[in-house]
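A short write-up of the structure that comes next.
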Amino acid sequence: MSVLEKLRIKPMEWVEDSEGPRFRWLDTRLIPWEEVYRETTDYERVARAIKEMEIRGAPAIGIAAGYGMALAAYYSNTNDVNELLAHLEKAKKVLAATRPTAYNLFWALDRVMKKAKDSLGKGVDAIIRAVVEEAKRIHEEDVRQNMEMGKIGSKLIDDGDVVLTHCNTGALATGGYGTALGVIRAAVEEGKRIRVIATETRPLLQGARLTIWELVKEGIDATLITDNMVGYVMYKGLVNKVFVGADRITLDGYVANKIGTYMIATMASRHRIPFYVVAPSSTFDLGLEGDAISIEERSPDEVRTVLGKVLITVPSINVINPAFDITPPNLVTALVTERGIITPPYRENIKRVLSR
Ligand code: MRU
């Protein structure tokens, strides 16, 4: 059985049967109320699923984009190599325009495109095969890397710890295991008795809806707090460690992650609580430094309402809605990657550990 077949939660899948290949994913907008899988053979539908956050979380976005390219290749309907390549370039552009912050998206698209170009001389069928195989490889690698990060990161967790986490970094945000939540899951699998405090993560409630759903499903002791309770629980000594994921990390250790992460890191530093960021190498943008990361600004209605259902303010009120913030490296105790744990100074150590 492949590592993907063994997963307990399957956030997405490449399906191949008599009806022809297609991409299937769990619509995370409906969790925890309903578990609905959607399917398509159309890469533009995959782009829409990413943009509208049916699929979300940095590694999951990258994997889905890879499968989007696989669909674009398979259903391109051409026998001409140059036409196929032009079609793939177009699909890459559409998929890249969905969300700006998660580096995994651009990393996966470049990786698949490179594979197509490397197979240029071998003809249309070989290019299609290469693109589909590369998309599947990206998915499988992500799960393996998550499991490796789980093993490495769980060494930082002690029996009896209470771990605070933010947003959703589990199976639903990745290929099916998890980054920060993967570390928590691995620690529990090793028999450590730990408890998890999850923030609700306004405005889209990834913590309350998705993280809690996963923790309950896994039988892990979980407590939900609103985002503005973090200072209180830290002041009261109710938390020992913080584990979060990342959407993009620069070469000098600036971390873009879900809005609210910077506030949690600042509070953790004030209370001398270790603050760990868990991310695979595909999240590291070594072409960027400092806080020069593009931050997605989303619809004001996400703040004016609860999940678009209940209006909670005056409809015309001005709103800002950055989906992510940036935590500077001096607030990060360590970065956990599949290649090892990276500690400061980040500028030297990120390059060194990632080149292993
Ligand atoms: O806007 P989202 O839900 O795509 O944001 C996701 C996050 O910020 C996660 O914390 C991040 O991707 C961590 S790694 C799975």
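Note that the numbering runs from 1 along the sequence shown for the chain. What's counted below: heavy atoms across the whole structure, side chains too, no hydrogens, waters or symmetry copies.
Side-chain polar atoms of N168 and R56 form a donor-acceptor pair below 3.5 angstrom. Defined by atom type and a distance below 3.5 Å, a donor-acceptor pair is missing between the side-chain atoms of T101 and D247. Counted by atom type alone, W25 and E54 present one or more donor-acceptor pairs between their side chains at under 3.5 Å. A donor-acceptor pair shorter than 3.5 Å can be found between the side chains of H139 and Y67. Under 3.5 Å, the side chains of T201 and Q206 contain no donor-acceptor pair of N or O atoms. D252 and T250 form a side-chain donor-acceptor contact under 3.5 Å, judged by distance and modelled atom types alone.
Of the charged side-chain nitrogens involved, none lies within less than 4.0 Å of a carboxylate oxygen, so that K114 and D110 do not count as a salt-bridged pair. Salt bridge present: E296 and R298 bring a charged side-chain N and a carboxylate O closer than 4.0 Å. Looking at E13 and K136, no side-chain N of the basic residue comes within less than 4.0 Å of a carboxylate O on the acidic one, giving no salt bridge. Between K217 and E35, at least one side-chain nitrogen of the basic residue sits less than 4.0 Å from a carboxylate oxygen of the acidic one, meeting the salt-bridge criterion. Under the 4.0 Å criterion applied to side-chain N and carboxylate O atoms, E218 and R8 are assigned as salt-bridge partners. With respect to the salt-bridge test (charged N to carboxylate O, under 4.0 angstrom), the residues R347 and E289 qualify.
Within the cation-pi definition used here (under 6.0 Å to the ring centroid, within 45° of the axis), K241 does not qualify as a partner of Y276.
Shortest non-hydrogen contact noted between E190 and S154 is OE2-OG, 2.7 Å. In terms of heavy-atom proximity, T327 sits nearest to A265 at CG2-CB, 3.6 Å. Residues L172 and I31 share a closest heavy-atom pair of CD1-CG2, 4.4 Å. Contact record, N321 with S299: ND2-O, 2.9 Å, taken as the closest heavy-atom pair.
For the pair T199 and T226, the minimum side-chain heavy-atom distance is 4.5 Å or more. Here the side chains of N257 and V277 are not in contact, with every heavy-atom distance at 4.5 Å or above. When side chains are defined from C-beta on, T283 does not count as touching S281, because their heavy atoms never get closer than 4.5 Å. At least one side-chain heavy atom of V332 sits under 4.5 Å from a side-chain heavy atom of L335. The closest side-chain heavy-atom distance from R185 to Y177 is below 4.5 Å. In this structure the side chain of E141 never reaches within 4.5 angstrom of the side chain of E338, judged on heavy atoms. Residues F106 and R248 are in side-chain contact: their nearest non-hydrogen atoms beyond the backbone lie under 4.5 Å apart. A 4.5 Å side-chain heavy-atom check between Y254 and P329 finds at least one atom pair inside the cut-off.
Between the D80 side chain and the E83 main chain, a donor and an acceptor come within less than 3.5 Å of each other. Between the N349 side chain and the T343 main chain, a donor and an acceptor come within less than 3.5 Å of each other. Checked by atom type and distance alone, the side chain of E214 never pairs as donor or acceptor with a backbone atom of T211 at under 3.5 Å. E200 places no side-chain N or O within donor-acceptor distance of the main-chain N or O of I225, the cut-off being under 3.5 Å. Of the possible donor and acceptor atoms, none in the side chain of D27 sits under 3.5 Å from a partner among the backbone N and O of V36. Of the possible donor and acceptor atoms, one in the side chain of S119 sits under 3.5 Å from a partner among the backbone N and O of K115. Remark: the backbone N or O of G245 is not paired with any side-chain donor or acceptor of H166 at under 3.5 angstrom. With N240 contributing its side chain and V162 its backbone, the two residues share a donor-acceptor pair below 3.5 Å. Of the possible polar contacts, one joining the D161 side chain to the D158 backbone as a donor-acceptor pair under 3.5 Å is found. The backbone N or O of D159 sits nowhere less than 3.5 Å from a side-chain atom of R193 that would complete a donor-acceptor pair.
A ring-centre distance under 6.0 Å is not found for Y75 and H87.
Placement of I273 and M263 in two distinct hydrophobic clusters is found when ILVMFWY residues are connected by side-chain heavy-atom separations under 4.5 Å, directly or transitively. Cluster membership for V46 and M53, using ILVMFWY side-chain heavy atoms within less than 4.5 angstrom, is not shared. When hydrophobic clusters are built by joining Ile, Leu, Val, Met, Phe, Trp and Tyr residues whose side-chain heavy atoms come closer than 4.5 Å, directly or via intermediates, M69 is grouped together with V124. Cluster membership check: L181 does not share its hydrophobic cluster with V242, using side-chain heavy-atom separations under 4.5 Å among Ile, Leu, Val, Met, Phe, Trp and Tyr.
When the shell of 6.0 Å around CZ of R356 is examined, it contains more than 12 heavy atoms from other residues, nucleotides or ligands.
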Quiz item: After noting the C-alpha distance and the side-chain angles of R111 and R137, does the key distance pass the side chain to side chain contact (heavy atoms under 4.5 Å, CB included) rule?
Solution: CA-CA 11 Å; R111 193 170 143 172; R137 205 171 297 126; 4.2 Å; yes
Exercise. Kindly determine whether D17 and R22 satisfy salt bridge (charged side-chain N to carboxylate O under 4.0 Å, His left out), including the steps that lead there.
Key: CA-CA 9 Å; D17 58 22; R22 54 204 189 276; 2.8 Å; yes
Self-check item: Criterion side chain to side chain contact (heavy atoms under 4.5 Å, CB included) on R24 and K10, from CA distance to verdict
Solution: CA-CA 10 Å; R24 193 205 320 258; K10 290 195 174 67; over 6 Å; no
Quiz prompt | Intermediate values then yes/no, side chain to side chain contact (heavy atoms under 4.5 Å, CB included), L251 and F284 | solution = CA-CA 7 Å; L251 88 122; F284 286 75; over 6 Å; no
Exercise. Take V81 and L120 through the test side chain to side chain contact (heavy atoms under 4.5 Å, CB included) and record every step on the way to the result.
Key: CA-CA 7 Å; V81 165; L120 208 57; 3.6 Å; yes
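Interatomic distance, S269 OG to L331 CG, rounded to the nearest 0.5 Å: 5.5 Å.
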